[in-house]
Amino acid sequence: TRGYYLHHWNAIERYTDTEKIRNHFTKHGYKNVPPMDKSIGLNLLNGIIAHKDAMLYNLSLQYIPAEIGLLNNIRYMSLNNNNIKILPKEIGLMTNLDCFSINNNNLRLVSPEIGLLTKLLRLDLSGNRIEKLPLEIGLLTNLQRLRASQNILQSIAEEIGLLTNLRALALCQNKIISLSKISLLTNLKDLNLTLNKLKSISEIQFLTNLERLSLGMNEFKKIPKEYISLTNLQCLYINSHHVKSVPENIKHTIIIIKK
């Protein structure tokens, strides 16, 4: 079932031309759009409850109403490219979500209720102002792809080590100093740590399923010889001005030196 693309979400509380909004959805191919009156927000929500996708991107949204929790049938939600600073705790009621994306907003905190979304397979928190991930992130044990790049993370919550189904993890363009518990993510195939402040990368030697590893623009000076264990590695991205040499024991990989 095609999802609702709510390009007039800002109208929920203040927009009065309800027929114009209704025509907008009809024009874009949505059938059975409910009649709209002064309770426009509830009507719109009722209209999308039966759908699987909710695309709320590029709307200049500054907040999300608590009624979002009514959309507990939605499986895919995008809130990308808005101006959202906080998520309501009711986000935790959307327990059928398997993909949630809220990149390029102004989030500083991730609601602990995110941990209730235990069916999530993909989570994108990139391009915000997040200083730390909540401990509850460790409850998302079905997660396969996690993106939290372009934030201001200085560390990684130890609970991330519980996400043993992760296949791809992107944490580039943060301020991460250490990689606590990342060694437990043994199913990772793609790890991006570019543009951080890492001085040690020894924990990565245990990620023996890695195929792609991006480490450019960090502060470490050498690649540990223990990387010989990364026998599945196909691409290794580093910076020539930080790392002067690559150990012989990993020259079986395809090494790309980024200047």
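We're numbering straight along the sequence, starting at 1. As the structure is a computational prediction, the values presented were derived from the model and not from experiment.
Looking only at side-chain heavy atoms (C-beta outward), Thr141 and Thr118 stay at 4.5 Å or farther from each other. Between Ser111 and Lys89, the closest side-chain pair of non-hydrogen atoms is not below 4.5 Å. Taking 4.5 Å as the limit, some side-chain heavy atom of Ile238 sits within range of a side-chain heavy atom of Ile223. Between Leu146 and Leu166 the shortest side-chain heavy-atom distance falls below 4.5 Å. Between Arg108 and Ile86, every side-chain heavy-atom pair lies at or beyond the 4.5 Å cut-off.
Criterion: ILVMFWY side-chain heavy atoms under 4.5 Å apart, direct or through other members. Under it, Phe100 and Leu61 are part of a common hydrophobic cluster. The hydrophobic clustering, which links ILVMFWY residues whose side-chain heavy atoms are closer than 4.5 Å, places Leu87 and Ile68 together. Hydrophobic clustering (side-chain heavy atoms under 4.5 Å, transitive across Ile, Leu, Val, Met, Phe, Trp, Tyr) keeps Ile160 apart from Leu116. Hydrophobic clustering keeps Met94 apart from Leu109 (ILVMFWY residues linked when any side-chain heavy atoms are closer than 4.5 Å, directly or through intermediates). Both Leu233 and Phe220 belong to a single network of hydrophobic side chains, linked directly or stepwise wherever heavy atoms of I, L, V, M, F, W or Y lie under 4.5 Å apart.
The closest donor-acceptor contact from the side chain of Asn80 to the backbone of Ser78 lies at 3.5 Å or more, if one exists at all. A donor-acceptor pair under 3.5 Å is formed between the side chain of Ser229 and the backbone N or O of Gln205. With Asn106 contributing its side chain and Arg129 its backbone, the two residues share no donor-acceptor pair below 3.5 Å. Checked by atom type and distance alone, the side chain of Asn192 never pairs as donor or acceptor with a backbone atom of Ala170 at under 3.5 Å. For the pair Asn142 (side chain) and Leu121 (backbone), a donor-acceptor distance under 3.5 Å is absent. A donor-acceptor pair under 3.5 Å links the side-chain atoms of Asn218 to the main chain of Leu198, judged by distance alone. A donor-acceptor pair is defined here as one N or O able to donate and one able to accept, closer than 3.5 Å; such a pair exists between the side chain of Ser149 and the backbone of Cys172. Here the side chain of Asn209 pairs a donor or acceptor atom with the backbone of Thr186 at under 3.5 angstrom. Under the 3.5 Å distance criterion, the side-chain polar atoms of Asn174 are left unmatched by any main-chain donor or acceptor of Gln154.
Residues Lys199 and Glu219 share a closest heavy-atom pair of CE-OE1, 3.1 Å. Nearest heavy-atom pair across Glu203 and Ser183 is O-CB, 3.6 Å. Summarising the geometry of Leu185 relative to Leu163, their closest heavy-atom pair is CD2-O, 3.3 Å, with the distance given to 0.1 Å. Here the closest non-hydrogen pair linking Pro88 and Ala66 is CB-CA, 4.3 Å. In terms of heavy-atom proximity, Cys235 sits nearest to Tyr237 at CB-CE1, 3.8 Å. Listed here is the closest heavy atom pair of Thr164 and Arg167: O-NH1, 4.4 Å.
Here Tyr227 contributes atom OH and Ile204 contributes atom CD1; the two are 3.5 Å apart, rounded to the nearest 0.5 Å. Atoms OG and NZ, on Ser155 and Lys132 in that order, are 8.5 Å from each other to the nearest 0.5 Å. Considering CG of Leu107 and CG of Asn82, their distance stands at 10.5 Å, rounded to 0.5 Å. Rounding to the nearest 0.5 Å gives a distance of 6.0 Å between CD1 of Ile114 and CG of Leu120. The structure places NZ of Lys175 at 7.0 Å from NZ of Lys197, a figure rounded to the nearest 0.5 Å. Expressed to the nearest 0.5 Å, how far CG of Leu179 lies from CD1 of Ile201 amounts to 8.5 Å.
With Ile156 as the fixed residue, the side chain to side chain contact (heavy atoms under 4.5 Å, CB included) test singles out one of Ile177, Ile176, Ile137, Leu169: Ile176.
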Next on the checklist: Set out, in order, the CA-CA distance, both residues' side-chain angles and the distance that settles side-chain contact (heavy atoms from CB on, under 4.5 Å) for Leu236 and Leu215, then state yes or no.
Outcome noted: CA-CA 8 Å; Leu236 172 61; Leu215 295 172; 4.1 Å; yes
Item to check | From CA spacing to verdict: side-chain contact (heavy atoms from CB on, under 4.5 Å), Leu117, Asn96 | outcome: CA-CA 7 Å; Leu117 307 181; Asn96 282 304; over 6 Å; no
Checklist entry - Could you go step by step and tell me if Asn165 and Leu143 meet the side-chain contact (heavy atoms from CB on, under 4.5 Å) rule? => result CA-CA 6 Å; Asn165 284 308; Leu143 207 59; over 6 Å; no
Checklist entry - Stepwise, does the side-chain contact (heavy atoms from CB on, under 4.5 Å) test hold for Leu207 with Leu191? => result CA-CA 10 Å; Leu207 307 180; Leu191 176 60; 3.9 Å; yes
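Remark: the Asn105 side chain and the Asn128 side chain contain no N/O donor-acceptor pair separated by less than 3.5 Å.
Look at Asp98 and Lys119 and you find no salt bridge, because none of the NZ, NE, NH1 or NH2 atoms lies under 4.0 Å from a carboxylate O.
Crowding of Leu162 atom CG: a count of heavy atoms from other residues, nucleotides or ligands under 6.0 Å exceeding 12.
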